[in-house]
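The figures here come from the full heavy-atom set of this structure, side chains too, leaving out hydrogens, waters and symmetry mates.
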Amino acid sequence: MWGSLRSSISFVTDGIFSRISGFKALGCSADILAELEEELIRADFGPSVAKEIVEVAKNTVSRDDALARISNYIEKELSLYEKRFDMSCENGLRVIIFAGVNGAGKTTTIGKLGASFVRYGKKVRFIAADTFRAAAVSQLEVWAERVGANMTSAGISADPSSLVFEGIQSAVNLKEDVVLIDTAGRLPNKNSLMDELGKIVRVAEKQRDKYGDIFVEKMLVLDSSTGQHASVQAEKFKSSMGGDDISIIMTKLDGSAKGGTVLRIARESGLPICLVGTGEGVSDFAQFDATEFSKLLCGMDNK
Ligand SMILES: Nc1nc2c(ncn2[C@@H]2O[C@H](COP(=O)(O)OP(=O)(O)OP(=O)(O)O)[C@@H](O)[C@H]2O)c(=O)[nH]1
């Protein structure tokens, strides 16, 4: 259904470790370990994860030995945060809210997921709750038309929470399967916008309380090239969206040389990762898979 990580992420298939001079022949001398730590920090693992990985690489006897142990370590850590995204809508209406900073990839992700749900035979509605930018609404409309989703939108400056209320009502009335809500990009330091996001979540959850068989999910869309700021974003979005039941979608992994950011964000936020974006096309995303991802990071994908 979707692309695979392996076919989409060429940056990591080289493996960050192949960039470490001498790693190939020498195993892990002190110099190489120092170089490894630098490379890990450059790849955005963050200082503490970098140190842990260097510990794992110590006293290994060969490059292959080191890579295997590092890969196992990263896999074990990442698997704690791996969450399957399933396409079923058996129990009622799925309402999925997408939040994140400007340009993180929310609308594009909604388009891709909408297309998948439609391909699964589901009736899909998009809600354009980004009522700040006319361009954002038309971008979503283009996706809706392209994938065959219904659409709830209003003029600029409409109240996004009212629109969410209206859109869910329409979905209930028309017995649709899934509602994907595109919220405006917002910086976490803009308190009024973060409060507005909280209100959108509460409105959706109230509908659930009213109808019973509505399941509200919260997705935080993060651009993987954001690096350390992504963890700060995750904290703020967590508190404004209310609670820990948020999943992360990491976008733009295809354009990032910093695959380490995935483990760092998962560890720092404590939030699970369900999907990754690997390009701008409709099928350019994949289920997050800890085993495959750790192998790609270590350049072991062909082994
Ligand atoms: N290479 C690549 N580009 C992506 C990916 N996801 C989104 N993009 C691109 O990133 C840009 C921003 O994506 P949008 O989906 O508009 O982002 P947004 O979060 O909705 O943006 P706002 O509405 O401004 O908040 C677009 O040019 C997308 O095509 C991805 O996984 N890989």
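For the pair Leu113 and Phe98, the minimum side-chain heavy-atom distance is below 4.5 Å. By the 4.5 Å heavy-atom criterion applied to side chains, Cys274 and Ile248 are not counted as neighbours. For the pair Met87 and Ser116, the minimum side-chain heavy-atom distance is below 4.5 Å. Side-chain contact between Arg186 and Asn102 is absent, with no heavy atoms from C-beta onward closer than 4.5 Å. The side-chain heavy atoms of Val262 and Phe293, taken from C-beta on, include a pair separated by under 4.5 Å. In this structure, Thr109 and Thr251 have side chains that are in contact, with non-hydrogen atoms separated by less than 4.5 Å. Proximity of Leu187 to Leu193: side-chain heavy atoms (C-beta onward) are nowhere separated by under 4.5 Å. Under the 4.5 Å side-chain criterion, counting only non-hydrogen atoms from C-beta, Phe126 is not in contact with Ile181.
Using modelled atom types, no side-chain atom of Ser162 and backbone atom of Ala158 make a donor-acceptor pair closer than 3.5 Å. Panel note: side chain Ser79, backbone Lys76; a donor-acceptor pair is recorded below 3.5 Å. In this structure a side-chain-to-backbone donor-acceptor pair under 3.5 Å is present from Asp284 to Gly281.
Of all the heavy atoms in Glu82 and Phe288, the pair that sits closest is CG-O, 3.5 Å. Contact detail for Ala204 and Ile97: the closest heavy-atom pair is CB-CD1, 4.0 Å. Scanning all heavy atoms of the two residues, the minimum distance from Ser224 to Thr261 falls at O-CG2, 3.2 Å. Of all non-hydrogen atoms in Asp130 and Thr183, the two that sit nearest each other are CB-C, 4.0 Å. Across every non-hydrogen atom of Gly100 and Leu220, the tightest pair is CA-CD1, 4.1 Å. Ile246 and Phe237 make their closest contact through CD1-O, 4.0 Å (heavy atoms, listed as atom of the first residue, atom of the second, distance).
Using modelled atom types, one finds no donor on one side chain facing an acceptor on the other under 3.5 Å when comparing Asp254 with Thr278. Judged by distance alone, the side chains of Ser247 and Lys83 do bring a donor and an acceptor atom under 3.5 Å apart. Looking at Asp86 and Ser88, their side chains do bring a donor and an acceptor atom within 3.5 Å of each other. Thr152 and Arg125 are linked by a side-chain donor-acceptor pair at a separation below 3.5 angstrom, with hydrogens and angles left out of the test.
Criterion: ILVMFWY side-chain heavy atoms under 4.5 Å apart, direct or through other members. Under it, Val56 and Val54 are part of a common hydrophobic cluster. In the hydrophobic clustering of ILVMFWY residues, with side-chain heavy atoms under 4.5 Å counting as a link, Phe132 and Leu197 come out apart. Put simply, Ile110 and Ile96 are part of the same group of oily side chains (I, L, V, M, F, W, Y) that touch within less than 4.5 Å, one to the next. When the side chains of ILVMFWY residues are joined at heavy-atom separations under 4.5 Å, either directly or via intervening members, Phe165 and Ile214 end up in a single hydrophobic cluster. The hydrophobic clustering, which links ILVMFWY residues whose side-chain heavy atoms are closer than 4.5 Å, places Val95 and Leu163 together.
For the atom pair Thr107 OG1 and Gln139 CD, the distance stands at 4.5 Å (nearest 0.5 Å). For the atom pair CG (Leu78) and CZ (Arg267), the distance works out to 9.5 Å, reported to the nearest 0.5 Å. One distance of note links OG of Ser240 with NZ of Lys190; it measures 15.0 Å at 0.5 Å rounding. Interatomic distance, Leu180 CG to Glu217 CD, rounded to the nearest 0.5 Å: 9.5 Å. For the atom pair SG of Cys89 and CG of Asp213, the computed distance is 12.0 Å after rounding to the nearest 0.5 Å. Distance CZ/Arg264 to OG/Ser269: 12.0 Å, rounded to 0.5 Å.
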Checklist entry - Could you walk me through whether Glu77 and Glu75 pass the side-chain contact (heavy atoms from CB on, under 4.5 Å) check? => result CA-CA 5 Å; Glu77 291 294 311; Glu75 179 187 349; over 6 Å; no
Checklist entry - Hey, mind stepping through Lys236 and Met241 against side-chain contact (heavy atoms from CB on, under 4.5 Å) and telling me if it holds? => result CA-CA 9 Å; Lys236 302 272 187 183; Met241 291 174 97; over 6 Å; no
Checklist entry - Asp223 and Ser225: side chain to side chain donor-acceptor pair (under 3.5 Å), yes or no, with the steps? => result CA-CA 5 Å; Asp223 177 339; Ser225 61; 2.6 Å; yes
Item to check | Check against side-chain contact (heavy atoms from CB on, under 4.5 Å), Ile74 and Ile53 | outcome: CA-CA 8 Å; Ile74 295 175; Ile53 294 176; 4.0 Å; yes
Next on the checklist: Pair Glu52, Tyr73 - check side-chain contact (heavy atoms from CB on, under 4.5 Å), show working.
Outcome noted: CA-CA 9 Å; Glu52 289 168 33; Tyr73 182 78; 2.3 Å; yes
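Using a 4.0 Å cut-off between a side-chain N of Lys or Arg and a carboxylate O of Asp or Glu, Glu292 and Lys295 do not qualify as a salt bridge. Using a 4.0 Å cut-off between charged nitrogen and carboxylate oxygen, Glu205 and Lys218 count as a salt-bridge pair. A salt bridge is absent between Glu196 and Lys199: the closest approach of a Lys/Arg side-chain nitrogen to an acidic carboxylate oxygen does not fall below 4.0 angstrom. At a threshold of 4.0 Å, the pair Lys51-Glu55 does not count as salt-bridged, since none of the basic side-chain nitrogens sits closer than that to a carboxylate oxygen.
Applying the side chain to side chain contact (heavy atoms under 4.5 Å, CB included) test between Val118 and each of Val178, Val124, Asp177 identifies Val124 as the sole match.
Shown here is Asp245, whose CG atom has more than 12 heavy atoms of other residues, nucleotides or ligands within 6.0 Å. Other residues, nucleotides and ligands contribute over 12 non-hydrogen atoms within 6.0 Å of the NZ atom of Lys122.
For the pair Arg94 and Phe85, the cation sits on the ring face: its NZ or CZ lies under 6.0 Å from the ring centre, inside 45° of the axis.
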